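Okay, structure first, notes after.
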Amino acid sequence: MLRFVMVFGVVLALGLSSRASGGDINVIPQPVAVERADGAFRVTPSTRIVAQGAAAVEAKKLAAALAPAMGFVLEPTASSKPGERAIEMRLDDSLSTLGAEGYELRVTPERIAIVAAQPAGLFYGIQTLRQLLPAAVLRPTRVDDVAWDVPCVKITDHPRFGWRGLLIDPARHFIAKDDVLRFLDVMALHKFNRLQIHLTDNEGWRIEIKKYPQLTELGSQMDWNLRHRDGTGPRCFGFYTQDDIRQIVQYAADRHITIVPEIEMPFHAGAEIVAYPELGIAPDRLASLEPQKRWRETSGLVAPRPQTVIFFQDVLTEVMELFPSRHIHIGGDEANIELWTNDPEMQAQMKRLQLKDAHGLHSWFIAHMDAFLSSHGRRLVGWDEILQGGLAPGATVMSWRGEQGGIAAANAGHDVVMAPTSHTYFDYYQGPAASEPLAIGGNLPLAQVYSYDPVPEAIAPDRVRHVLGVQGQLWGEFIATPAHRYYMAYPRAAALAEIGWSAKETKDYEQFVSRLRHHLERLRVLGVTFRPLD
Ligand code: TNX
């Protein structure tokens, strides 16, 4: 058999005859450097996990990840005896050259060593180790008759980008807390580190805000049932209590994932207009309507008068208490601002503030949120419409209507996250519409996701560092169940994970698909209802 040495994804067939045992290496996302050697380390009930201090916290996660399928718990210990077969996990400053998320993983027949500068790196080393083991290790129940062999290898790895995200949308169809937690588990295996949760939209307000109880009392109970307008579909209402949120945030943090909350404003705000009509345009008329009818009257656009600014800042105050994320997303997209242009009260306000037009008013409103978040040590993120009428100084732009917004913002010295519909909208079809479940539209096959490079050439070389990373969107208008969500997400999210993590030089679609065939077995074992390959 040939001996393969892979460095930067270049496979060098050395032509040395040797026996490689312990299975192939099919890790997703592709690690930066993989050097394969002969032999394997066998995990048995007598294997020790050795770790101290902060490394021991990660070591417990490894033990917990292996226990269900293996049927034994490898209790971490502080030290091992010489010669004892052990999985060693260690923090080492000298690996800070690999960044906060990088790690080194060495496997020999006697020892596995995962070493990193930071706990996150150890965690990603664990995720790689899980993928080096037989896929059955991911089964939630005990599997007998499997040799838990890890092929001998040296892996040096670190991510290309610091923002590797997905978005879920419980506003359109509510997502039960436990389903969010399962979703995070699968993300962690792919080394994602951001989950944006679209918590508010016309169809529902999904987060308890103590100061404004009607947001959830009224605003979370609207069963729009977008997918089944005849009312036969699954119910789509509900909300997260503040305790639910704390639990989700902690569960994510344990997996080195930051939850980025999104509170939509000033458009996509129908749920808050239902709950508090005084936020809307022509509020007296809105108040006289039945709550459910209110948002359609203003298509979900609030009137950004000073009291409205205070309302959203109050909401953000509670949001900041719950979410440690440095980035707080305020939406900002698709505002039908003609409604302001045509409204006498808003016309008067624009005049008073000496604003040229409704774009100026949009910017004025967003700038207030930016200043507010900045004064609390946070950063505002918004969809690329926040560029119109002038970008607030501290804002990060999420570029969704193509790449232009991201290019303009990065070249102007703002941070950006690339999330263009063309490559990252996982609510779009992934094959011929006739043979796919009903989707919002579009066409985004796996190969197209994989082809994406989040750094467009039009970004000046000295501005490239402003590209924080990349994010895939699972908008929820047509996604009502976990099974369907996984179908839309995977395997496209596996391709996205590789775009966000792996070195550009290693990208090779054929080789990705060949690894993916093994990876799909892992997803199957995990119960992820992915879309099969063509
Ligand atoms: C546009 S992307 C939206 C979402 C929809 C999505 C459907 C963005 C910032 N706004 O509200 O769910 O299209 O693909």
Side-chain angles (χ1 to χ4, degrees), residues 163 165-175 194-206 219 222 224-227 236 260-273 295-296 298-302 327-337 362 365-366 369 380-388 391 395-406 408-409 416-430 433 436-445 448-449 452 470-480 484-485 487-489 492-493 496:
W163 186 301
L166 291 177
L167 173 149
I168 53 171
D169 177 10
R172 268 57 177 267
H173 284 94
F174 185 63
I175 305 172
R194 292 285 188 289
L195 177 62
Q196 180 172 336
I197 308 192
H198 186 71
L199 286 165
T200 71
D201 213 305
N202 295 332
E203 296 83 2
W205 183 280
R206 307 301 181 201
M222 310 176 292
W224 304 117
N225 228 333
L226 292 162
R227 188 173 182 200
C236 47
V260 179
E262 181 184 359
I263 305 292
E264 269 273 16
M265 60 189 89
F267 191 54
H268 290 278
E272 46 270 52
I273 295 173
W295 75 267
R296 288 190 196 279
T298 47
S299 53
L301 182 71
V302 299
H327 291 93
I328 306 284
H329 206 300
I330 54 79
D333 58 308
E334 297 185 313
N336 178 10
I337 55 181
H362 192 262
F365 177 73
I366 301 291
M369 298 304 150
L380 175 145
V381 199
W383 300 109
D384 56 54
E385 285 90 338
I386 65 172
L387 279 155
Q388 295 159 2
L391 191 52
T396 296
V397 170
M398 218 170 241
S399 193
W400 73 281
R401 298 173 304 168
E403 298 185 299
Q404 276 317 314
V416 301
V417 175
M418 301 308 280
T421 54
S422 56
H423 295 84
T424 68
Y425 267 46
F426 298 163
D427 57 334
Y428 287 8
Y429 284 103
Q430 48 195 324
E436 292 291 322
L438 186 63
I440 197 155
N443 180 35
L444 179 51
Q448 192 170 328
V449 177
Y452 189 54
V470 66
Q471 184 168 288
Q473 279 55 244
L474 287 153
W475 293 110
E477 289 95 330
F478 291 82
I479 303 177
H484 190 199
R485 190 169 308 108
Y487 180 93
M488 299 306 276
R492 292 186 289 192
L496 190 80

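Each ligand, and each atom within it, is numbered from 1 in the order the structure gives. All values derive from a computational prediction rather than experimental measurement. Keep in mind that the numbers below use all heavy atoms, side chains included, and drop hydrogens, waters and symmetry copies.
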Handout entry: Short side-chain to backbone donor-acceptor contact, T396 and V416, under 3.5 Å
Key = no

Practice task
May I ask you to test the H198-R172 pair for a side-chain heavy-atom distance under 4.5 Å?
Solution key: yes

Tabulating one pair per line, provide the atom names and distances (0.1 Å) for every N/O atom of ligand 1 that is less than 3.5 Å from a protein N/O atom.
unit_1: ligand 1; atom_1: 10 (N); unit_2: D333; atom_2: OD2; d: 2.7
unit_1: ligand 1; atom_1: 11 (O); unit_2: R172; atom_2: NH2; d: 3.0
unit_1: ligand 1; atom_1: 12 (O); unit_2: R172; atom_2: NH1; d: 3.0
unit_1: ligand 1; atom_1: 12 (O); unit_2: E477; atom_2: OE1; d: 3.2
unit_1: ligand 1; atom_1: 12 (O); unit_2: E477; atom_2: OE2; d: 2.7
unit_1: ligand 1; atom_1: 14 (O); unit_2: D427; atom_2: OD2; d: 2.6

Exercise for the section: Report yes or no: do E436 and Q430 form a side-chain donor-acceptor pair below 3.5 Å? Expected result: no

Practice task
Taking the side chain as every heavy atom from C-beta outward, state whether F478 and H173 have any pair of such atoms under 4.5 Å apart.
Solution key: no

Exercise for the section: Could you tell me how the ring of H329 sits relative to the ring of W383: parallel (under 30°), tilted (30 to 60°) or perpendicular (over 60°)? Expected result: tilted

Practice task
May I ask you to decide if P170's main-chain N or O and R206's side chain share a donor-acceptor pair within less than 3.5 Å?
Solution key: yes

